[in-house]
Q: 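Provided herewith is a single structure, encoded as structure tokens, for subsequent inquiry.
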Amino acid sequence: MSLQHHQHHHPIESERTRKDDDKLEHLGYHAELKRTFTSWETFGVAFSIMGVVPSIASTIFYNLPYGGPVGMIWGWLISAILILFVGLSMAELASSMPTSGGLYFWTHRLSPPRYRNFLAWMIGYNSFLGNVAAVSSLGWACSGIVFAAASINNEDFISTAGQQFGLYIGILIVCGLICAYGTNIFARLQTPSVILNVLLSLVTIIGLPIARRHELNTAAFTFGGFVNLTSWPNGFAFLLSFLAPVWTICSFDCAVSISEEATNASVAVPQAIVGAIGSAGVLGTVILIILALTMGLDVAAVNDDALGQPLAYIYLQAFGQKGSLAVWSFMCIAQLSMTASLILPSSRQAFAFARDGALPFSRYFHHVDTFSGTPVRAVWLVVGCAIPLGALCFADPVNYSAINAIFSLAIMGPYVAYGIPIGAKLLWGQGNFVPGPWHLGRWSRMCGIIAVTWMTFAIVLFSFPADTDPDASTFNYACLVAGAVWIFATVYWFLPRIGGKTFFQGPQTTEGGMSIEQDTLSPPEIEDPSSKKNGGAPEFHGGSHISPVPSNQL
């Protein structure tokens, strides 16, 4: 399919869109997806996924008991600053090479020939692992928030593990349908979603202090009160409070995953990454200051209330049953939007990985639906892999300790995937990396070193259980699941005759794109005489040698 013919289907016809597709062709890919996302909507996807207030509601369990106000406020602020270095380094790469395969495409382009294929392979699997875990954790958090609304309405209501797992499955299916068949509508809903998150923030920042004006905590307690409800030492407990902000301000690579659906991608995507991290960092710090100011002095009472949701308890104390139920209803909508916002780019990453022949049954999953113009099969692949993770709730159906592993897993997978391309740029890319219109200049290397150091530390930190002396119900299963994926990816790579090393050669670009890579990143390789079998017609290199037919014609 010619570029001109494909552009006939683009909803946004402009010179900028044509330049985006030309850039993609330059990187070695045909434009196959509709460019429906403006710069603001690209930011909206990244910011909506973070959804600061719903995310704080979902993760307040991970900072409130680990230091009280100090863990909430200072843990968030320190983490946000460190995460910003990761975002800056990633934004620079996204501007240089705006493609949906982002992380593993960058790794392959910047790594030496000896390592590039295996590293790109591992990047793809870690990205997929992190995306599936993040979708699962958002879906689980959404079901918990919905049932918290039921508990606000009826204080005697207590949901069972089976009920919450059933609602979790329903939420993932509904969000899957939206991302599979309603992309155009969903893109237009990003602005209302951002507005909803801002309104929830304003209700919290303005409404809570007014409603609790006679019962505010002192400044000393708000900013310096330390309460450790765990058996970990105080210092280590404070470090574990980082889980809440790191989980919230994560998955910002979703903007990269929709690079091929965004206009002016080489500028819009890096701006979305940095803007979303900065906004979430500042907004989250302010909100947590307000919560520490208004929640009362008894941290244990807030954390252990029968309502099962500390933020809902704080709202209930301030606004009463009807007021808190009204606010919480919008919280449910925001959390549902967050879940759908993450399934969309996660499916695009799976589509890009299948396009390069790396997933099992890649030919099946590399498919664009002719009706919706979206990778429908990749959407259901992500949803189908996320659903079983929710079954961890049955390991501890009372306190749901085991299911909390998906929150750690949603950090470990992405941080491995983020760290490798940034590290590859530090080690091997200094003479090969070509900056895009958005770049860091002389600060690039320093940002990269801080980012890789921080992510390595975080991966080790979040492998620890929530408390000392864990048993089967409180064990951090993130290590087990992540380890299983890493072992599978490694074994699959080295299998004789059918392993990844026998067919996967990185991003499956056209001949023109590959020649660019060879000219700028590595010495020329010996030409394979078989590459001329088609009389000079462009061929795809790498992957499983799928012929260069646009996926929507398969």
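These numbers were taken from a predicted model, which means no experiment stands behind them. Any value given below was found using the heavy atoms of this structure, including those in side chains, with hydrogens, waters and symmetry copies removed.
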Q: Taking everything shown except Tyr492 itself, do over 12 heavy atoms lie less than 6.0 Å from its OH?
A: yes
Q: Looking at every heavy atom in both Ile249 and Ile83, which two are closest together, and how far apart are they?
A: O-CG2, 3.6 Å
Q: Listed by chain and number, what are the ring-ring contact (aromatic ring centres under 6.0 Å, His included) partners of Phe252, not counting sequence neighbours?
A: Tyr418
Q: Which heavy atom of Trp121 sits nearest a heavy atom of Ala489, and at what distance?
A: NE1-O, 2.9 Å
Q: Going by the rule ring-ring contact (aromatic ring centres under 6.0 Å, His included), which residues pair with Tyr181 if we only count those two or more places apart in sequence or in a different chain?
A: none
Q: Is the distance between the ring centroids of Trp247 and Phe462 under 6.0 Å?
A: no
Q: If you compare all heavy atoms of Thr107 against all heavy atoms of Ala120, which two are closest, and at what distance to 0.1 Å?
A: CG2-N, 4.1 Å
Q: Could you pull out the closest heavy-atom pair between Cys142 and Ile171, with the gap in Å?
A: SG-CD1, 3.6 Å
Q: Side-chain contact test, heavy atoms from C-beta onward, threshold under 4.5 Å: evaluate it for Met90 versus Val274 and give yes or no.
A: no
Q: Got a sec, which residues hit side chain to side chain contact (heavy atoms under 4.5 Å, CB included) with Leu307, two or more places apart in sequence or on another chain?
A: Ser151, Ile152, Asp305, Ala312, Tyr313, Leu316
Q: Measure the CG-CD1 distance between Leu291 and Ile314 for me, rounded to the nearest 0.5 Å.
A: 5.0 Å
Q: Please check if the side chain of Ser362 supplies one atom and the backbone of Leu359 the other of a donor-acceptor pair under 3.5 Å.
A: yes
Q: Could you give the distance from CG (Leu196) to CZ (Phe330), rounded to the nearest 0.5 Å?
A: 7.5 Å
Q: Short question: side chain of Ser96, backbone of Glu92 - any donor-acceptor pair under 3.5 Å?
A: no
Q: Sub-3.5 Å donor-acceptor pair from the side chain of Ser58 to the main-chain atoms of Pro54, do we have one?
A: yes
Q: Which residues pass the ring-ring contact (aromatic ring centres under 6.0 Å, His included) test with Tyr364, not counting sequence neighbours?
A: none
Q: Locate the shortest heavy-atom distance separating Ala268 from Thr42; write the atom from each residue and the value.
A: O-CG2, 4.3 Å
Q: May I have the step-by-step check of ring pair (Phe, Tyr, Trp, His ring centres under 6.0 Å) for Phe407 and Trp140, ending in yes or no?
A: CA-CA 10 Å; Phe407 289 86; Trp140 181 259; 8.9 Å; no
Q: Is the closest side-chain heavy-atom distance between Phe488 and Val485 below 4.5 Å?
A: no
Q: Is any side-chain heavy atom of His367 less than 4.5 Å from a side-chain heavy atom of Val376?
A: no
Q: Could you go through the side-chain contact (heavy atoms from CB on, under 4.5 Å) check for Leu283 and Ser279 one step at a time?
A: CA-CA 6 Å; Leu283 185 59; Ser279 300; 5.8 Å; no
Q: So do Val132 and Ser346 actually touch side chain to side chain, heavy atoms under 4.5 Å?
A: no
Q: Evaluate the side-chain contact (heavy atoms from CB on, under 4.5 Å) criterion for residues Met412 and Val416: first the C-alpha distance (whole Å), next the side-chain angles of each, then the deciding distance (0.1 Å), finally the verdict.
A: CA-CA 6 Å; Met412 294 170 68; Val416 171; 5.7 Å; no
Q: Enter the distance from Leu84:CG to Ile273:CD1 here, rounded to the nearest 0.5 Å.
A: 11.5 Å
Q: Given 3.5 Å as the limit, does a donor-acceptor pair link the side chain of Ser95 with the main chain of Ala91, or not?
A: no
Q: Do Val146 and Gln164 make a side-chain contact, defined as non-hydrogen atoms from C-beta onward lying under 4.5 Å apart?
A: no
Q: I want to check something: taking the side chain as every heavy atom from C-beta on, are Phe165 and Ser143 in contact at a cut-off of under 4.5 Å?
A: no
Q: Go through the steps to decide whether Val379 and Arg348 satisfy the test side-chain contact (heavy atoms from CB on, under 4.5 Å), and finish with yes or no.
A: CA-CA 8 Å; Val379 170; Arg348 276 44 173 181; 3.8 Å; yes
Q: Taking Trp328 for its side chain and Ile145 for its backbone only, find out whether a donor-acceptor pair lies under 3.5 Å.
A: yes
Q: For the CD atom on Gln163, are there more than 12 heavy atoms of other groups (residues, nucleotides or ligands in this structure) within a distance under 6.0 Å?
A: yes
Q: State whether the side chain of Asn154 and the backbone N or O of Ala150 hold a donor-acceptor pair below 3.5 Å, judged by distance alone.
A: no
Q: Output the distance between atom CD1 (Ile178) and atom CG (Leu344), rounded to the nearest 0.5 Å.
A: 10.5 Å
Q: Who pairs with Gln271 by side chain to side chain contact (heavy atoms under 4.5 Å, CB included), at least two apart in sequence or on another chain?
A: Val267, Trp438
Q: Could you measure the distance from the CD1 atom of Ile56 to the CE atom of Met50? Nearest 0.5 Å is fine.
A: 13.0 Å
Q: Roughly how far, to the nearest 0.5 Å, is CD1 of Ile277 from OG1 of Thr248?
A: 12.5 Å
Q: Taking all non-hydrogen atoms of both residues, which atom of Phe43 and which atom of Gly275 are closest, and how far apart?
A: CE1-C, 3.6 Å
Q: Go through the steps for Ser408 and Tyr477 under the test side chain to side chain donor-acceptor pair (under 3.5 Å), then give the verdict.
A: CA-CA 9 Å; Ser408 296; Tyr477 287 92; over 6 Å; no
Q: Let's go through Val52 and Asn197 carefully: what are the C-alpha distance in whole Å and the side-chain angles of both, what is the deciding distance for side-chain contact (heavy atoms from CB on, under 4.5 Å) to 0.1 Å, and is it a yes or a no?
A: CA-CA 7 Å; Val52 179; Asn197 277 282; 6.0 Å; no
Q: Please examine the side chains of Asn63 and Leu243, heavy atoms only from C-beta on, and report whether any two atoms are closer than 4.5 Å.
A: no
Q: Taking side chain to side chain donor-acceptor pair (under 3.5 Å) as the definition, give me every residue that meets it alongside Thr204, ordered by chain and number, with sequence neighbours left out.
A: Tyr315
Q: Would a 4.5 Å heavy-atom cut-off, applied to side chains only, mark Arg377 and Phe351 as touching?
A: no
